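Each ligand, and each atom within it, is numbered from 1 in the order the structure gives. None of these values were measured; they are calculated from a predicted model. Just the heavy atoms: all of them, side chains too, but no hydrogens, waters or symmetry mates, feed the values below.
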Amino acid sequence: MTGVEVRESEGRGLGIFAMHPFAKGERIRVVNIEREVTDEQPLGPEEDPDHAFLSDGKFLLVGEPDRYLNHSCDPNAYVRYRGTAIDLVARRPIETGEEVTVDYLINNAGGDAWECKCRSERCRGMTASSFFELPLEFQREYYPLLAPWFLRQHASRLAGIKEAIEADRSETDH
Ligand SMILES: [Zn+2]
């Protein structure tokens with residue numbers, strides 16, 4: 001493990017922290033996917049369902065240190081799909097010692113709502129349980145970060161946001 005370390009994140013268990021600065025767009029690390037959870041190979045008693053997530057119809061169990069990646073309503077990182085690999089990428093410049101966070105609702109079309117304690121200035125408090133329940137400005141901001149499979153699976157629900165973004169773009173082009 002290079003570039004990040006796992007330590008206590010005040011008030012919410014362990015987190016992942018940058019050990020050196022990362023530039024915007026820089027890959028922080030390749031996410032450690034332990035395995036796919038299937039009917040044949042279900043989660044064992046020692047495995048935590050909170051460490052697994054749905055990705056393109058597959059339920060993937062995340063290993064160390066990435067299982068400690070915390071949520072933020074104003075995340076400094078996101079995941080980028082590259083074939084079967086998943087990269088953790090800086091969404092803005094990250095300083096040494098800063099906690100690396102993602103927004104759990106990106107690429108998430110349905111889960112449990114929870115009380116967020118991310119302490120970011122734009123914390124949503126009680127979070128939505130799906131990308132589609134996010135305020136529209138968040139949906140538009142996150143749209144470019146969505147995974148190809150999420151765009152494909154939810155193309156019709158995303159059509160309105162896509163059109164609005166394209167309309168904005170053509171306005172600035174002219
Ligand atoms: Zn929050």
Side-chain angles (χ1 to χ4, degrees), residues 1 3-33 47-56 59-81 86-147 149-151 153-154 157-158 160-162 164-165 168:
M1 174 167 71
V4 297
E5 63 180 349
V6 174
R7 55 186 166 84
E8 200 71 22
S9 174
E10 198 192 325
R12 48 182 193 168
L14 298 173
I16 296 178
F17 292 80
M19 291 177 74
H20 60 76
F22 291 95
K24 180 182 176 180
E26 188 178 349
R27 183 171 74 195
I28 298 165
R29 50 177 283 106
V30 178
V31 176
N32 174 18
I33 302 296
E47 290 173 331
D48 187 341
D50 281 350
H51 294 156
F53 72 109
L54 197 63
S55 168
D56 201 5
F59 199 44
L60 303 177
L61 185 64
V62 182
E64 306 225 357
D66 307 293
R67 59 174 50 168
Y68 304 117
L69 198 54
N70 280 320
H71 162 91
S72 170
C73 298
D74 192 11
N76 55 16
Y78 68 100
V79 296
R80 182 177 61 200
Y81 285 74
I86 302 175
D87 292 334
L88 182 63
V89 178
R91 183 171 168 256
R92 59 170 176 259
I94 298 175
E95 291 168 22
T96 304
E98 203 180 321
E99 182 169 5
V100 178
T101 55
V102 295
D103 192 317
Y104 287 175
L105 291 190
I106 296 179
N107 302 324
N108 182 350
D112 297 324
W114 78 97
E115 172 95 52
C116 186
K117 297 187 171 105
C118 76
R119 297 188 299 271
S120 82
E121 278 181 20
R122 62 177 208 180
C123 181
R124 302 185 296 262
M126 196 67 199
T127 69
S129 57
S130 153
F131 175 83
F132 298 101
E133 288 168 31
L134 284 170
L136 271 180
E137 68 265 29
F138 279 80
Q139 293 190 31
R140 287 177 67 150
E141 181 182 324
Y142 289 156
Y143 182 85
L145 308 181
L146 292 173
W149 60 265
F150 191 86
L151 292 168
Q153 284 178 8
H154 303 283
R157 294 180 84 181
L158 290 164
I161 310 166
K162 188 177 173 217
I165 291 170
D168 278 1

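Within the protein, the number of N, O or S atoms lying under 2.8 Å from the Zn ion (ligand 1) is 4.
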Subject >> side chain to side chain contact (heavy atoms under 4.5 Å, CB included) evaluation trace for Ile86 with Arg80 >> reply: CA-CA 6 Å; Ile86 302 175; Arg80 182 177 61 200; over 6 Å; no
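Annotation: the span from Gln139 atom CD to Lys162 atom NZ amounts to 15.5 Å, rounded to 0.5 Å. Here CD1 of Ile28 is found 9.0 Å from CD1 of Ile16. Values are rounded to the nearest 0.5 Å.
Using a 4.0 Å cut-off between a side-chain N of Lys or Arg and a carboxylate O of Asp or Glu, Arg140 and Asp168 qualify as a salt bridge. Between Arg124 and Asp103, at least one side-chain N (NZ, or NE/NH1/NH2) sits under 4.0 Å from a carboxylate O, which counts as a salt bridge.
The one candidate from Tyr78, Trp114, Phe131 that meets the ring pair (Phe, Tyr, Trp, His ring centres under 6.0 Å) condition with Tyr104 is Trp114.
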